[in-house]
Amino acid sequence: MRRAFSEQLAAAASASGVEVDPGWIRVERVPRGKPGHLGSPLPFKLAGAVGAPPPAVAADLASRIEVDMIPMAVEVTPSGGFVNLTLDLREFFSEVIGSARSGELGRGDPTGKTVVVEHTSVNPVHPLHVGSGRNAILGDSYARILRFLGHEVSARYLVNDSGRQPAVLAYGRSKVRRARPRGKPDHWYGLIYAAANIAFEMRREDLPEDRRRELEEALVDLRRRGGEVVEEVYSSILGDDDPESELTSLMRGYQEGRPDAKALFREVSESVMEGFVETLARLGVSHDAYDWESDLIWNGWVEEAARRIGEAGYLERDGEAAYVNMWRAIREREDVRRAFHLGEGDLERLEREGKLADVVPARFYLQRSDGTWLYTGTDVGYSVYKLEAVGADVVYNVIGSEQRLEQMQVRAGLALCGHDPDRLIHFSYEMVELVGAKMAGRLGRYVTVDEILDEAKKRVMEILGGRKGEVEAEDIAEAVAVGAVRYALVSVDPSKNVTFSWDRVLNLQANSGPFIQYAYTRAGGILRRAGGVPGDFDPGELKSEAEEDLLMRVAEFPSVVRSSADLMRPDLLAQYASDLAAAFNRYYETHRVLGSGGGVEAARLALVDAVRGALGSAMDLIGIPRLERM
RNA sequence: GGGCCCGUAGCUCAGUAAGGAUUAGAGCGGCGGCCUUCGGAGCCGCAGGCCGCGGGUUCGAGUCCCGCCGGGCCCGCCA
C-alpha cells in the first residue's frame, strides 16, 4: 500500500516533468491534527525542479494521483507542502488485525536463500561474560529475524580450539592432571586459563612495571577464587625451563592430530563447551551447528583456501610462515579493493597520501613459521566452508568491532579464493565495559552471564514473594530474568559501547524486558477472562484516538522488522516492543474492554488480540520469553 | 601518527539509515498524584536539554559537509 502510494507519487511527478525513483520517496505517518494517515514530503524536493512553491506542487501532485490504484485508500489531499493519503480505516484495520492475530503480520514468504549467521564463537577458555553475552544475544536475535523474513538460516558457532589461547589452557590443565573440575566446568577452567596466562606473561623479560602490578592483583583475586589449583598451575609454569616451546609443540601436535595432544585439547575444550551450551540454553540462544576449528584444519579446508590463494598468485613465504601479499592483491584486483570497502579512486588517493599502510597492512599472515595455522588462516578456510559446504548465499559474522580489520582481510582472502567478498558481511558491535575496569578474560576479570542470570532471578523471586507455588515461581523468575538480561543487551544500538550496570540489567520497570512481558500477560489475561474472541467484529467500533494510535503501531511492525534486518539493528525491535507495550498499558488504563458490551467489546477484544500477536512476534524475534502469568 | 566508531536531561539510552509538519522523547533517580471494577512489574503530572564546540549547505539541520575538542577500538607469525 505504501508502495502503491509511492508509485503513484512517482507517476504524478513524472507527469509534471520530474522523474523520481519510487523507492526514494519517503512515506511516513501523519502527525496528530493533520489530515490523512500517510503523508509524503515529496513536494519540498520537487519545488526547486518544477519552479513552484511546495504547496502548489502538493496540490498539483494530489490532483494527478489515481486514488483507485492504491489499495484501501479513499482520498488524497495536499497539506502544506505534503501530500497526504487518507485510508479506509475500517478496511485497513480489519486487515492488520487479522494478520496480527494469526502471528503472520510481517512474516516473509520463503526466499529460497540460505544465510549463515555465525555468532557467539567465544574461545572455549573461560566462561561467557557480558561481552560474549551481547554477541550471543545480538546474533541469536538477528538469526531469528532473518528466519522470520523467510530465509533459510543456519546459526553457527566456530569453536576456536586450535590457537594459542586454548593451548595455554591445555598446557595449564596438564599441570594439574589429577584435579577434578569443581562446579560448572567453564568457570573452573576459566581460573586455570587465567593462572596459566598470567604465568606466561610474568615470564616475559620486558614486562613493564605497571603491567606486573596488574597481573599480581589479578593473581591475588584468582587465588582467592580458585585456591590450590590456581597456585599449582601458576607456580609450575613459572618453574618450567621453556614453556614457550612446549606450548608451541603442543599446538602443533594438536593441529597435526597427534593423539596425546588431541586427547588433552578435546577434553578441555569439550568441557568448557558443555558449560557454554548450558548457559546459552538458559538464554534461549541456540546454534544449528558447532564448527570446530581443528576439524576445518584436519579436513583440509584451511589448506585448500591457502592453496587457492597460492594459485591466484598472492601467497608468499617468509621461511615457513605464509602470508598474502596484500598490497599487490589490492593494486591488481577490484574484488580485493571491495573487500576493504575501497571505492573507485580510493586506492590512488591512499597511495598518493602515503596512507595505504595505515589502512591495509602489507602482509596478511595465515600460517606461523612453525607451520601452525593462525586464526586468520583458519577463518579464511572457514569462510570458504560456509559458502561451499554449508551452501550459504550470504554469511553474517557477528563479531566485535575490534576485529574490523581482520574481517576485511578475511573478505580479501575469500576474494582470492574465487568468491565475491560481499557475500561475507561483518555484523559489528561495540564492547561492553565495566565501570571501574575493563573486562579481561585473560586475567580472569569478568562478569559472567551465569551470575547475571542468577542475580536477576533472585530479585524476581523476591518480588514474587509467596504469591505463587514454588515450582511455578521458579519458572517465572527464570523467564523474567532471561527477558531482563536479553532486553538489556539487545536494546542498545550495536555501534555504541555500553557500560555494564547492574541497575540497567536488573531493571524490572518500564523500558525493560519484564515491562514488555507484563503488558503481554495483561493482554492475555483479558482474552482469557473473555473466554475467546468473537470471530465477527466491526473495526469501525474502534473510534478513539488511543485505539487508532495502537493499531497504527501494530501496523508498523512489518517495516520495523525489515529495517532491523537491513540495518543489522535488532535494537529497533526492542524499542518497538517497548513502545507498543507502553501504548497498550496506556490504553489499558483508559479503555475498559470486558463489559464494554456488544460490538464495541468484540472489536476491542480483537484489538487486544492483535496487540498480543504483534507484541508476541516482536518478543520472539528478540528472544524475550512470552509468559501467560507472572 | 594514521584509520574506523561514538559524543542528546544528574545517570542509562531512543530519535541520525531515506534532512521535514515538535514544542527534541523514554527509563532510572527526585518531587507530587491515581489509595487499584479487565493483574499497580501499571498510569498521570512537575522539575531537569546552547542535541560536545565552531563554521557551511538548505525554504528547513540533533540528522548532511568541513574543522576542532573529548572517549573507545584497530594498526601482532594474539584472537
Side-chain angles (χ1 to χ4, degrees), chain A residues 23-28 30-34 39-41 44-45 47-48 53-54 79-82 84 121-123 125 160 163-165 318-323 341 350 353-355 357-361 363 365-370 372 374-377 379 399-406 428 430-431 433 438 441-442 460 463-464 480 488 491-493 495-499 501 503-504 507-512 514-515 517-519 521-530 563 566-567 569 571-572 574-575 578-579 582 585-586 588-596 604 608 629-630:
Chain A
W24 175 80
I25 297 172
R26 284 201 75 153
V27 174
E28 52 208 25
V30 167
R32 211 167 290 263
K34 304 284 176 185
S40 173
F44 288 100
K45 310 286 182 207
S79 165
F82 291 81
N84 291 357
S121 301
V122 181
N123 291 355
V125 295
N160 204 298
R164 187 186 154 93
Q165 290 190 22
D318 177 2
E320 278 290 296
Y323 62 89
H341 305 291
L350 287 172
E353 294 171 0
K355 287 181 182 169
D358 295 323
V359 178
V360 184
R363 296 178 173 190
Y365 276 91
L366 304 178
Q367 204 172 12
R368 297 184 183 87
S369 43
D370 64 14
T372 57
L374 284 153
Y375 162 73
T376 42
D379 213 9
I399 298 181
S401 69
E402 71 276 8
Q403 296 216 49
R404 196 187 146 80
L405 171 62
E406 190 267 354
S428 167
E430 289 291 337
M431 40 187 359
E433 291 156 341
K438 274 186 63 176
R442 297 178 190 197
V460 178
I463 291 177
L464 251 32
V480 172
S491 62
V492 215
D493 181 340
S495 74
K496 300 200 184 197
N497 355 22
V498 296
T499 303
S501 93
D503 284 350
R504 179 188 177 77
N507 175 24
L508 308 177
Q509 299 173 353
N511 191 16
S512 74
F515 173 81
Q517 289 172 310
Y518 185 66
T521 60
R522 268 183 152 181
I526 293 174
L527 299 169
R528 198 164 46 242
R529 288 196 47 156
S563 303
D566 293 348
L567 301 173
R569 294 273 311 269
D571 60 297
L572 298 179
Q575 191 69 33
S578 179
D579 287 347
N585 277 333
R586 280 193 296 275
Y588 183 92
E589 297 289 333
T590 51
H591 292 66
R592 180 75 199 176
V593 175
L594 296 180
S596 54
R604 289 186 175 175
V608 170
R629 294 167 204 281
M630 62 189 282

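Because the structure is predicted, anything quoted here is derived from the model rather than measured. Letters go in sequence order (proteins before strands), and every chain restarts at 1.
The listed nucleotides are B/C75, B/A41, B/G19; the one nearest the side chain of A/M630 is B/A41. Closest to the side chain of A/Y518, from the set B/G29, B/G19, B/G39, is B/G39. Listed nucleotides: B/A79, B/G27, B/A41. Nearest to the side chain of A/N507: B/G27. Checked against B/A41, B/C43, B/U12, the side chain of A/N585 finds its nearest nucleotide in B/C43. Between B/G40, B/A79, B/A41, one nucleotide has an atom nearer to the side chain of A/R522 than all others, and that is B/G40. For A/N160, counting side-chain heavy atoms from C-beta on, the closest listed nucleotide (B/C77, B/G27, B/A79) is B/A79. The side chain of A/E589 lies closest to B/C43 when the candidates are B/A21, B/C43, B/G39. The listed nucleotides are B/C43, B/C77, B/G72; the one nearest the side chain of A/M431 is B/G72.
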Yes or no on side-chain contact (heavy atoms from CB on, under 4.5 Å) for A/S40 and A/K45, after CA distance, side-chain angles and deciding distance?
CA-CA 10 Å; A/S40 173; A/K45 310 286 182 207; over 6 Å; no
With side-chain contact (heavy atoms from CB on, under 4.5 Å) as the criterion, how do A/Y375 and A/Q165 come out once you've worked through the C-alpha distance, each side chain's angles and the decisive distance to 0.1 Å?
CA-CA 11 Å; A/Y375 162 73; A/Q165 290 190 22; over 6 Å; no
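Take the nearest nucleotide of RNA chain B for A/F44 and for A/Y375: the residue whose nucleotide is more 5' is A/F44. Mapped onto RNA chain B by nearest heavy atom, A/P54 and A/A357 fall at different nucleotides, with A/P54 at the one closer to the 5' end.
A/L508 places none of its side-chain heavy atoms less than 4.5 Å from the side chain of A/Y518. When side chains are defined from C-beta on, A/F515 does not count as touching A/N507, because their heavy atoms never get closer than 4.5 Å. Side-chain contact between A/V492 and A/R504: present, with at least one pair of heavy atoms (C-beta onward) separated by less than 4.5 Å.
Atom CD1 of A/I526 and atom P of B/G39 are 7 Å apart (whole Å). Taking atom CZ of A/R504 as the reference point, atom C1' of B/A14 lies 11 Å away to the nearest angstrom. Between the C1' atom of B/A14 and the CG atom of A/D579 lies a distance of 8 Å, rounded to the nearest Å. Atoms CD (A/Q367) and P (B/C78) sit 12 Å apart, rounded to a whole Å. Taking atom CG of A/N84 as the reference point, atom C1' of B/A21 lies 9 Å away to the nearest angstrom. In this structure, A/D379 places its CG atom 18 Å from P of B/G76, rounding to the nearest Å. Here B/G39 presents its P atom at 17 Å from CG of A/L464, a figure rounded to the nearest Å. Rounded to whole angstrom, the span from the CG atom of A/L527 across to the P atom of B/C38 amounts to 15 Å.
Note on A/V492: only backbone sugar-phosphate atoms sit closer than 4.0 angstrom, heavy atoms only; bases stay farther off. Counting non-hydrogen atoms under 4.0 angstrom, A/L572 reaches the backbone sugars and phosphates but no base. Residue A/R569 is classed as a sugar-phosphate contact, given heavy-atom separations below 4.0 Å to backbone atoms only. Note on A/V498: only backbone sugar-phosphate atoms sit closer than 4.0 angstrom, heavy atoms only; bases stay farther off. In this structure, A/Q403 reaches the bases: a heavy-atom distance under 4.0 Å links it to at least one base atom across the strands shown. Base engagement by A/P41 is indicated by at least one non-hydrogen atom pair under 4.0 Å involving a base atom. Here A/A321 lies in heavy-atom contact (under 4.0 Å) with a base. Within the 4.0 angstrom heavy-atom criterion, base atoms lie near A/R592. Using a 4.0 Å heavy-atom criterion, one finds that A/S512 contacts no nucleic acid atom at all. At the heavy-atom level, A/D370 lies nowhere under 4.0 Å from the strands shown. Using a 4.0 Å heavy-atom cutoff across all strands shown, A/Y323 reaches no nucleic acid atom at all. Across all strands, A/L374 comes closer than 4.0 Å only to sugar-phosphate atoms, never to a base (heavy-atom distances). Residue contacts shown for A/D503 are absent, as no nucleic acid heavy atom lies under 4.0 Å away. Within 4.0 Å of A/H341, counting heavy atoms only, lies no atom of the nucleic acid at all.
Judged by distance alone, the side chain of A/R604 and the main-chain N or O of A/R592 form a donor-acceptor pair under 3.5 Å. One N or O on the side chain of A/S512 and one on the backbone of A/Q509 form a donor-acceptor pair closer than 3.5 Å. Judged purely by atom type and a 3.5 angstrom limit, A/S401 has no side-chain atom pairing as donor or acceptor with the backbone of A/E430. A donor-acceptor contact shorter than 3.5 Å is absent between the side chain of A/R522 and the backbone of A/G524.
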Interface polar pairs with nucleotides 2-10 of chain B, N/O, under 3.5 angstrom:
| from | atom 1 | to | atom 2 | distance (Å) |
| --- | --- | --- | --- | --- |
| B/G2 | O2' | A/D358 | OD2 | 3.0 |
| B/G3 | OP1 | A/K355 | NZ | 3.2 |
| B/C5 | O2' | A/S495 | O | 3.3 |
| B/G7 | OP1 | A/K496 | NZ | 2.8 |

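Residue A/E320 places its CD atom among 12 or fewer non-hydrogen atoms of other residues, nucleotides or ligands, all under 6.0 Å distant.
When the C1' atom is used for both B/G49 and B/U23, the distance is 13 Å, rounded to whole Å. Only the P atoms considered, B/U36 is 38 Å distant from B/U12, to the nearest whole Å. Rounded to whole Å, the C1' atom of B/G62 lies 14 Å from the corresponding atom of B/C53. Spacing of P atoms, B/A18 relative to B/C75, comes out at 30 Å, to the nearest Å. One P atom belongs to B/G29, the other to B/G71, and the distance between them is 31 Å to the nearest Å. The gap from the P atom of B/C43 to that of B/G39 amounts to 16 Å, rounded to the nearest Å. Using P as the reference atom, B/G3 and B/A47 are 46 Å apart when rounded to the nearest Å. Comparing B/C77 with B/C66, their P atoms are spaced 33 Å from each other, to the whole Å.
One finds no side-chain N or O of A/Q575 lying less than 4.0 angstrom from the OP1 or OP2 phosphate oxygen of B/G15. Applying the 4.0 Å criterion to OP1 and OP2 of B/C78, one finds that A/R368 has a side-chain N or O inside that range.
Of all nucleotides present, only B/G72 satisfies the Watson-Crick or G-U wobble test against B/C4, with each distance under 3.5 Å. Nucleotide B/G67 has B/C53 as its partner under the Watson-Crick or G-U criteria, with both atom distances under 3.5 Å. With a cut-off of 3.5 Å on both pairing distances, the Watson-Crick or G-U wobble partner of B/A26 is B/U12. Of the nucleotides present, B/C31 is the one that pairs with B/G45 by Watson-Crick or G-U wobble criteria, both distances under 3.5 Å.
If you check the side chains of A/T372 and A/D370, you find a donor sitting under 3.5 Å from an acceptor.
To the nearest 0.5 Å, atoms CZ (A/R404) and CD1 (A/I399) are separated by 13.0 Å.
Here A/F82 lies parallel enough and close enough to stack on the base of B/A21, with planes under 30° and ring centres under 5.5 Å apart.
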